[in-house]
Each structure stands twice: as structure tokens, then as C-alpha cells.
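Each chain gets a letter, A, B and so on, in the order its sequence line appears, and its residues count up from 1.
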Amino acid sequence: MNYWLVKSEPFKYSWDDFVKQGVGTWDGVRNYQARNNLAAMKIDDLVLFYHSNEGVEVVGIAKIVKEAYQDPTTDDTRWVVVDLTPVEKLPKTVTLQSIKADVRLQDVSLIRQSRLSVQQLKKEEFDIIVSKAYEN
DNA sequence: GCCAACGTTGGC
DNA sequence: GCCAACGTTGGC
């Protein structure tokens with residue numbers, strides 16, 4: 001079981017769009033590192049859904065319902081997509097600011113490699129971020 | 001809108 | 001295979 005974080009610009013594809021749709025195909029990835037992460041995802045792996053640019057925060061949890069297959073938006077066989085479905089909306093969003101402020105989360109890619117759009121998280125990191133959504 | 005960080009491209 | 005130029009992402 002692995003844990004991931006994916007980014008989306010909310011004005012392009014927001015958490016609410018995703019929930020409305022029920023199942024979302026994660027297409028358009030054109031970065032090898034992100035692609036490799038997509039390819040490593042397994043059914044039922046959990047994925048944090050992060051809003052970049054606007055909000056700049058983790059908003060919900062999703063899971064993998066279909067493992068990597070050819071990206072239908074291109075003929076280029078180098079690129080793959082996965083399908084995700086929403087699991088739960090976090091009761092409170094977890095901002096990048098609060099992630100940066102947590103000494104236990106200094107190694108997450110959001111901080112170390114902010115441009116990577118599909119990132120892997122350690123189980124502890126995933127748990128810490130989710131627990132922040134339930135604080136107070 | 002600016003700019004830093006990073007990835008990609010192409011000339012040599 | 002190096003590196004400069006350029007494009008893109010994303011935080012602020």
C-alpha cells in the first residue's frame with residue numbers, strides 16, 4: 001500500500017468537479033518523474049488531492065480505482081494515466097503553510113520539489129497531514 | 001504579475 | 001555530453 005499526493009489547479013479541475021464526476025482520469029502528465037509515480041500506483045492506494053495556485057492546500061482523499069494505462073489524450077506511448085475516485089473531503093483543509101511549519105514534514109516533495117505534480121508520501125507523512133485536518 | 005526552481009531543447 | 005536558452009510550474 002502506497003500513499004500519494006496529486007496537484008490540480010482548482011480553476012481547471014477542482015475537488016468539487018472531481019466529486020461531481022465520481023471517477024476522474026488523471027491525464028496530461030508530461031513529466032517523467034510524475035509519470036513514474038503514476039505507473040507505480042496500485043488499486044486502493046490512497047491519494048491526497050491538493051489545490052495549487054488557488055487555495056494552496058490539501059482538500060480531500062482519493063483512491064486508485066484503475067492502474068496505469070495509456071494516456072488517451074495522446075498517441076505518445078510514453079505517457080500514462082490512472083483513474084481515481086473520491087474517498088472523503090477533509091473536514092478542514094491542510095494548507096501548505098501548515099505543512100511547511102511542521103518539522104515532521106520537511107521531507108515531503110511539496111516543500112522539497114514543489115513543481116512535481118504527482119508525489120509519493122510516506123505513510124507517516126500521509127497520516128500526519130490527514131490528522132491535521134481533524135485537529136481542534 | 002513576478003520570479004525562483006526546474007525540465008527540455010538544441011547547438012556545438 | 002555539455003551547457004545556454006528557453007518554457008513551465010507554482011508560491012507569493
request  = Taking the side chain as every heavy atom from C-beta outward, state whether A:Leu46 and A:Met1 have any pair of such atoms under 4.5 Å apart.
outcome  = yes
key: Nucleic acid contacts of residues 94-108 of chain A, taken as heavy-atom distances under 4.0 Å to DNA chain B   = none
request  = To the nearest 0.5 Å, tell me how far A:Leu84 CG sits from A:Ile64 CD1.
outcome  = 4.5 Å
ask   = Are any non-hydrogen side-chain atoms of A:Val58 and A:Thr93 less than 4.5 angstrom apart?
value = no
key: Lys/Arg-Asp/Glu bridge criterion (N-O < 4.0 Å) met for A:Lys122, A:Asp127   = no
remark   = Sorted by chain and residue number, the salt bridge (Lys or Arg N to Asp or Glu O under 4.0 Å) partners of A:Arg115 (sequence neighbours excluded) come out as none
key: Sequence neighbours excluded, every pair satisfying ring-ring contact (aromatic ring centres under 6.0 Å, His included) that has a member inside residues 68-124 of chain A   = A:Tyr32-A:Trp79
request  = Look up atom OG in A:Ser8 and atom CD in A:Glu54, then write down how far apart they are to the nearest 0.5 Å.
outcome  = 10.5 Å
key: Other residues, nucleotides, ligands: >12 heavy atoms within 6.0 Å of A:Asp76 CG   = yes
By salt bridge (Lys or Arg N to Asp or Glu O under 4.0 Å) - contacts of A:Lys7 (at least two apart) = none
Residues in contact with DNA chain C, drawn from residues 111-122 of chain A - heavy-atom cutoff 4.0 Å = A:Ser114, A:Arg115
request  = With sequence neighbours left out, write down each residue that passes side-chain hydrogen bond (donor to acceptor under 3.5 Å, both in side chains) with A:Trp4, or none if nothing qualifies.
outcome  = A:Asp45
ask   = Heavy atom of residues 24-34 of chain A under 4.0 Å from DNA chain B: which residues?
value = A:Asn31, A:Tyr32, A:Gln33
Covered region of DNA chain B, 5' end to 3' end, by chain A [heavy atoms, under 4.0 Å] = B:dA5 to B:dT8
remark   = To the nearest 0.5 Å, atom CE of A:Met41 lies from atom NZ of A:Lys63 at 14.5 Å
ask   = Near DNA chain B, under 4.0 Å by heavy atom, which residues of residues 47-56 of chain A?
value = none
All pairs passing ring-ring contact (aromatic ring centres under 6.0 Å, His included) where residues 103-123 of chain A contributes a residue, at least two apart = none
Residues that A:Asn36 engages under side chain to side chain contact (heavy atoms under 4.5 Å, CB included), provided they are two or more places apart = none
key: Listed partners of A:Phe49 passing ring-ring contact (aromatic ring centres under 6.0 Å, His included), at least two apart   = A:Trp15, A:Phe18, A:Trp26, A:His51
query = Given A:Asp102, which of A:Gln106, A:Arg104, A:Lys100 fulfils the side-chain hydrogen bond (donor to acceptor under 3.5 Å, both in side chains) condition?
reply = A:Arg104
